[in-house]
Protein chains: 2
Amino acid sequence: MPRPRQPRLTRQLIVETATALIDAEGLQAFSTRRLAAELGVRGPSLYNHFATKDEILDAVADAVAVAVDTSGFASRDWAAALLDWAWSYRRALTAHPNIVPYLAQGPRRRPAALAMADAVYGGLVRAGWPPARATHIGAALRYFVAGSALGSFARGFVEDPELYAAHYPHLRQAHRLAEHQQSVDEGAFALGLDALLYGLAAEYARTVGTVESGRPNG
Amino acid sequence: MPRPRQPRLTRQLIVETATALIDAEGLQAFSTRRLAAELGVRGPSLYNHFATKDEILDAVADAVAVAVDTSGFASRDWAAALLDWAWSYRRALTAHPNIVPYLAQGPRRRPAALAMADAVYGGLVRAGWPPARATHIGAALRYFVAGSALGSFARGFVEDPELYAAHYPHLRQAHRLAEHQQSVDEGAFALGLDALLYGLAAEYARTVGTVESGRPNG
DNA sequence: GTCTATAGGTCGATAGAC
DNA sequence: GTCTATCGACCTATAGAC
């Protein structure tokens with residue numbers, strides 16, 4: 001079976017190809033000409049589907065956000081929902097780390113990012129957290145997740161034992177971190193997230209749980 | 001008194017001007033020609049002081065890192081030292097948010113970044129944390145700080161009430177977040193950091209504090 | 001140590017033919 | 001809806017004069 005004669009451009013195809021290009025070569029490599037080449041067309045053709053380059057980037061960023069699961073806020077207690085959401089959020093971002101600096105500008109006018117913020121904030125307020133506290137909690141978790149997806153901690157140390165031996169005595173083993181990249185990065189995320197939630201649960205018990213017993217979800 | 005005849009280029013002057021340029025206009029605006037123009041010289045002159053553009057960027061990134069204070073690890077208990085370091089780290093990064101994506105690649109071969117990692121990791125191990133745990137704690141805090149400096153949470157929501165009213169019912173007040181940018185962003189950081197440290201202290205008491213009573217610092 | 005000149009590219013976006 | 005042609009920029013880095 002031959003290929004379809006011409007893979008007509010669609011917004012979805014453009015977004016998928018742009019995502020793959022950014023994943024493979026970074027935000028700097030993403031240009032309209034380069035993206036068009038990957039799609040087998042010329043640069044100007046993209047402008048029949050998107051008005052500007054930034055509009056394509058917004059679509060890429062929101063496609064990442066649609067993969068984040070916030071369903072826990074409708075069915076589970078706030079702490080379990082936060083845990084599930086944070087892991088899902090991290091999975092979505094680490095799958096496309098090069099777009100994280102763009103995404104971290106905030107939800108702006110992107111629908112999926114706004115829907116995620118709405119679900120998280122709404123879920124926390126419904127659980128009894130004061131509005132200002134709910135905002136802080138959502139922001140703190142975004143900080144943690146975005147930071148963890150922005151760059152691998154383990155791969156940040158070059159694999160050169162001699163670099164560390166002379167001047168950084170405690171980092172003697174740092175050249176081996178890259179060998180264990182996934183367990184280091186995920187272990188750090190798990191430790192931090194668990195500690196964060198442990199601290200939040202303590203505050204909840206101290207301030208919210210004792211005043212009103214927490215309205216049931218839904 | 002007239003200006004000095006020609007503000008001769010030095011590495012320090014180049015780095016300071018590059019930092020100001022990146023702060024004001026972002027990483028994209030940072031080019032050798034643009035930087036040279038700010039310095040009153042032509043592009044190629046920079047190559048008498050740095051071999052490549054990336055070498056300048058590394059110098060900018062490390063200049064940010066030298067401002068981070070890790071002295072607490074030499075004088076205070078591990079939890080107080082972590083708290084001081086995290087705030088100092090955050091102050092240094094939020095002063096130059098546009099360089100954070102570059103910095104988040106890790107310490108690589110940058111001396112100040114390596115010295116910071118050495119002090120933090122060494123301090124935690126000396127306090128009795130197992131080496132793997134110390135790595136995770138340092139990484140988790142870097143995630144949190146870098147994420148908080150990468151972009152303001154409060155300024156991520158556009159100031160347009162009508163955007164939220166229709167489809168994001170819980171975000172009805174989100175257009176007002178930008179008015180309180182500093183208190184939202186710092187409050188979220190304070191809440192998250194305190195919760196994180198609370199959780200870490202609980203783990204320390206459970207696993208380290210009971211087994212060996214923690215060697216004194218130094 | 002700064003300069004001019006230059007190599008050898010890159011970019012976003014538009015106009016108008018087909 | 002894709003194409004060619006084009007505008008008017010921009011980029012890192014080197015060679016060699018002064």
Side-chain angles (χ1 to χ4, degrees), chain A residues 2-63 98-99 101-103 105 108-110, chain B residues 2-62 98-99 101-102 105 108-110:
Chain A
R3 301 190 174 192
R5 7 180 38 271
Q6 285 275 60
R8 280 282 247 277
L9 294 184
T10 62
R11 285 179 66 100
Q12 187 188 343
L13 182 59
I14 292 169
V15 169
E16 287 171 2
T17 309
T19 304
L21 175 58
I22 292 168
D23 288 347
E25 309 193 28
L27 268 182
Q28 289 91 341
F30 171 68
S31 69
T32 54
R33 283 166 144 87
R34 190 80 171 68
L35 172 58
E38 297 285 330
L39 285 158
V41 299
R42 306 292 185 163
S45 299
L46 298 169
Y47 290 89
N48 289 305
H49 303 269
F50 291 92
T52 65
K53 179 188 174 183
D54 268 5
E55 217 175 75
I56 304 177
L57 265 178
D58 275 329
V60 169
D62 224 33
N98 293 333
I99 195 73
Y102 190 85
L103 240 146
Q105 293 178 350
R108 303 286 182 102
R109 296 179 175 277
R110 290 182 280 105
Chain B
R3 301 191 171 189
R5 7 182 36 273
Q6 283 276 59
R8 280 282 249 275
L9 294 183
T10 62
R11 285 179 66 101
Q12 187 188 342
L13 181 60
I14 292 170
V15 168
E16 287 171 1
T17 307
T19 304
L21 175 59
I22 292 168
D23 288 346
E25 309 194 26
L27 268 181
Q28 289 90 344
F30 171 68
S31 69
T32 54
R33 279 160 144 86
R34 190 82 172 67
L35 173 58
E38 297 286 331
L39 286 158
V41 300
R42 307 292 187 164
S45 300
L46 298 169
Y47 291 89
N48 289 305
H49 304 268
F50 291 92
T52 65
K53 178 188 173 182
D54 267 5
E55 215 175 75
I56 304 177
L57 266 178
D58 276 330
V60 170
D62 223 33
N98 293 333
I99 195 74
Y102 189 85
Q105 293 177 351
R108 302 289 182 100
R109 294 179 175 277
R110 290 182 281 105

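Remember, predicted model here, so these are calculated numbers, not experimental data. So that the names make sense, note that chain A is the first sequence line, chain B the second, and so on, each numbered from 1.
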- Query: Would you say D:dT4 has OP1 or OP2 under 4.0 Å from some side-chain N or O of A:Arg42?
  - Reply: yes
Between protein and nucleotides 11-14 of chain C, what N or O pairs are separated by less than 3.5 Å?
unit_1	atom_1	unit_2	atom_2	d
C:dC11	OP1	A:Ser31	OG	2.5
C:dG12	OP1	A:Thr32	N	3.3
C:dG12	OP1	A:Lys53	NZ	3.2
C:dG12	OP2	A:Thr32	N	2.9
C:dG12	OP2	A:Thr32	OG1	2.6
C:dG12	N7	A:Arg33	NH1	2.7
C:dG12	O6	A:Arg33	NH1	3.2
C:dA13	OP2	A:Tyr47	OH	2.7
C:dA13	OP2	A:Lys53	N	3.0

- Note on the structure: Rounded to whole Å, the CG-P distance (B:Leu9 to C:dT2) equals 4 Å
- Message: Checking B:Ser45 now: which residues fulfil side-chain contact (heavy atoms from CB on, under 4.5 Å) with it, not counting sequence neighbours?
- Response: B:Leu9, B:Val41
- Query: In whole Å, what is the span from the CZ atom of B:Phe50 to the P atom of D:dT14?
  - Reply: 15 Å
- Message: Just N and O in the side chain of B:Ser45: are any of them under 4.0 Å from OP1 or OP2 of C:dG1?
- Response: no
- Item | Short side-chain to backbone donor-acceptor contact, B:Asn98 and B:Ile22, under 3.5 Å | yes
- Hits for side-chain contact (heavy atoms from CB on, under 4.5 Å) against A:Gln105, two or more places apart or cross-chain, chain-then-number order -> A:Tyr102, A:Arg108
- Task: Can you tell me the distance, in whole Å, between the CG atom of A:Asn48 and the C1' atom of C:dA17?
- Result: 14 Å
- Item | A:Phe50 CZ to A:Asp58 CG distance, which is reported to the nearest 0.5 Å | 10.0 Å
- Message: Just the rounded figure in Å: distance from C1' of C:dT10 to CD of A:Glu25.
- Response: 14 Å
- Item | N/O donor-acceptor pair under 3.5 Å between A:Glu25 side chain and A:Leu21 backbone | no
- Query: Quick check: does any side chain N or O of A:Arg11 sit under 3.5 Å from a backbone N or O of A:His49, one acting as donor and the other as acceptor?
  - Reply: yes
